[in-house]
Amino acid sequence: MVQVGIVGATGAVGQEILAVLHDRKFAVTSVHLFASARSAGKVVETPFGPSTVQLFTVEAARAMDYVFLAVSGSFALEHAEAIAAPGGAVVIDNSSAFRMQPAVPLVIPEINGASIGAKRLIANPNCTTAIAVMALWPLHCHYGIQKMIVSTYQAASGAGVEGMDELLNTTKDALAGAPPSHKVFAHPLAFNVIPHIDVFQPNGYTKEEMKVTWETNKIFDELDMKISCTAVRIPILRAHSEAITIQTKRPIAPADALALLRQADGVDVVDEPLANKYPMPLHATSKYNIEVGRVRQSIVFEEHGLDLFVSGDQLLRGAALNAVLIAEYLEKPYPSKFAKQVA
Ligand code: 2RA
């Protein structure tokens, strides 16, 4: 008997959590949608049937087995620990509020599910990190990644339903000859790319870029791995892509790397460049697995380097799917398929 609560069920991530729970036949007894007094009482259509939104209270949330938080970091900071306190629910938080807190596991189940232990508050990684590490973990285990340079091509969905709507509406406006406008993004996104996601940090990187560094270091438990990221918003609806260059301790050959990636769960190798087959957001959209391809020897780092390209659905592996997989892991834990072989 598993009772699941979702806070933020009408947002882009909340909607996907409902869809994934249903699609993966997660054994729920009942699903409860929690919101503020403004939305409480509304009836919302879900894949499980119509559901009346309940007023959020910590007590009501604590009565669940799992609570997915698909709301702001400030809400999570205020309530997550109280919901998860002994006797309460397991909380899976999609915000960045707790990700870097040492006592809170930051989890991709296929990589570091074991880090959850007896913890009841679990952080879901940022989408950009989650998509990249699916391909990087097997490579790190076998070859030991020392340094990494990442350039991202991020979809509008990273800014929620409002971001997707702004992209669609401003694209239509532009085609109709209207002047460019923007509210959600720092600049008009239609027919543009914007090298600015989240706020700038004192070191000149944005917070989105630093999340890739901080979160990958934490998930891989490799605080000395050097990672530099440039995060760019592009006019795509909901799949992120990333061009990644790695420098490894052990020599790495593209064919061996591809053979390894083919064994990884959650990863599809799409790498037939001569047949025009490589990862693309168009194909990665609405897919559970991330795509990896364009795998080639780096001409910079030579036999100790590889270039690759990944695409993954921002709302699925980047958010809702990973969150549901965390709950699945807790119901039935399993070891990572790969273990570190390079000291
Ligand atoms: C973005 N990574 O794409 C953020 C969302 N978590 O804006």
Side-chain angles (χ1 to χ4, degrees), residues 7-8 11-17 20 68-77 80 92-100 106-108 122-134 136 150-168 170 182-190 192-201 205-219 227-244 281 284-286 290 310-324 326:
V7 187
V13 173
Q15 289 285 297
E16 290 296 333
I17 290 173
V20 173
F68 294 94
L69 296 182
V71 278
S72 66
S74 54
F75 183 99
L77 279 175
I92 301 168
D93 178 29
N94 276 281
S95 82
S96 61
F98 291 96
R99 286 183 192 147
M100 296 315 298
L106 177 66
V107 174
I108 301 283
I122 302 154
N124 210 31
N126 186 36
C127 45
T128 316
T129 311
I131 290 164
V133 296
M134 290 303 295
L136 293 170
V150 182
S151 301
T152 76
Y153 307 76
Q154 294 184 223
S157 58
V161 172
E162 297 79 13
M164 296 162 88
D165 286 347
E166 181 164 305
L167 174 61
L168 287 171
T170 55
H182 62 97
K183 205 157 111 194
V184 176
F185 301 110
H187 296 274
L189 184 56
N192 196 15
V193 296
I194 306 172
H196 173 187
I197 301 178
D198 212 330
V199 293
F200 284 97
Q201 304 291 289
Y205 285 80
T206 63
K207 198 166 179 193
E208 179 76 6
E209 292 162 349
M210 291 312 300
K211 281 177 187 173
V212 173
T213 304
W214 297 329
E215 295 181 17
T216 306
N217 286 161
K218 181 167 176 176
I219 294 165
I227 304 167
S228 173
C229 177
T230 301
V232 180
R233 187 78 70 196
I234 65 166
I236 291 286
L237 271 182
R238 60 173 276 177
H240 286 357
S241 300
E242 306 174 48
I244 304 172
T285 292
S286 300
I290 67 112
V310 298
S311 291
D313 190 294
Q314 187 269 328
L315 294 170
L316 291 174
R317 173 54 70 173
L321 172 68
N322 198 71
V324 173
I326 290 172

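Counting convention: from 1, in listed order, for ligands and their atoms alike. Just so it is clear, the structure is predicted and the values come from calculations on it, not from any experiment.
For the pair Gln314 and ligand 1, the shortest N or O to N or O distance does not fall below 3.5 Å. For the pair Ala155 and ligand 1, the shortest N or O to N or O distance does not fall below 3.5 Å.
Near Gln154, the atoms of ligand 1 lying under 4.0 angstrom from a non-hydrogen atom of the residue are 1 (C), 2 (N), 3 (O). Ligand 1 places these atoms under 4.0 Å from at least one heavy atom of Cys127: 2 (N), 3 (O), 4 (C), 5 (C), 6 (N). For ligand 1, the atoms closer than 4.0 angstrom to any heavy atom of His240 are 3 (O).
Between the side chains of Ser228 and Tyr205, at least one donor-acceptor pair of N or O atoms lies under 3.5 Å. Side chain to side chain, Thr128 and Glu242 fail the donor-acceptor criterion of an N or O pair below 3.5 Å.
Counting heavy atoms under 4.0 Å from ligand 1, residue Lys211 does not touch it at all. With a 4.0 Å cut-off on non-hydrogen atoms, Ile197 touches ligand 1 through its side chain and not its backbone.
From the protein, the heavy atom lying nearest to atom 6 (N) of ligand 1 is Asn126 OD1, 3.0 Å. Of the protein's non-hydrogen atoms, the one nearest atom 5 (C) of ligand 1 is Gly158 O, 3.2 Å. Distance from atom 7 (O) of ligand 1 to its nearest protein heavy atom, with residue and atom name: Arg233 NH2, 2.6 Å. Among all non-hydrogen protein atoms, the one lying nearest atom 2 (N) of ligand 1 is Glu208 OE2, 2.5 Å.
Using a 4.0 Å cut-off between charged side-chain N and carboxylate O, Glu16 and Arg238 make a salt bridge.
The backbone N or O of Asn94 lies less than 3.5 Å from a partner atom in the side chain of Arg99, making a donor-acceptor pair.
Leu168 places a side-chain heavy atom less than 4.5 Å from the side chain of Leu237. Looking only at side-chain heavy atoms (C-beta outward), Leu69 and Phe75 come within less than 4.5 Å of each other.
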Query raised in the report: Do Arg233 and Leu189 pass the side-chain contact (heavy atoms from CB on, under 4.5 Å) test, and can you show the C-alpha distance, the side-chain angles, and the key distance before you say yes or no?
Result: CA-CA 8 Å; Arg233 187 78 70 196; Leu189 184 56; 3.6 Å; yes
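Partner Ile131 forms a side-chain contact (heavy atoms from CB on, under 4.5 Å) with one of Ile290, Asn322, Asn126 and no other, that one being Ile290.
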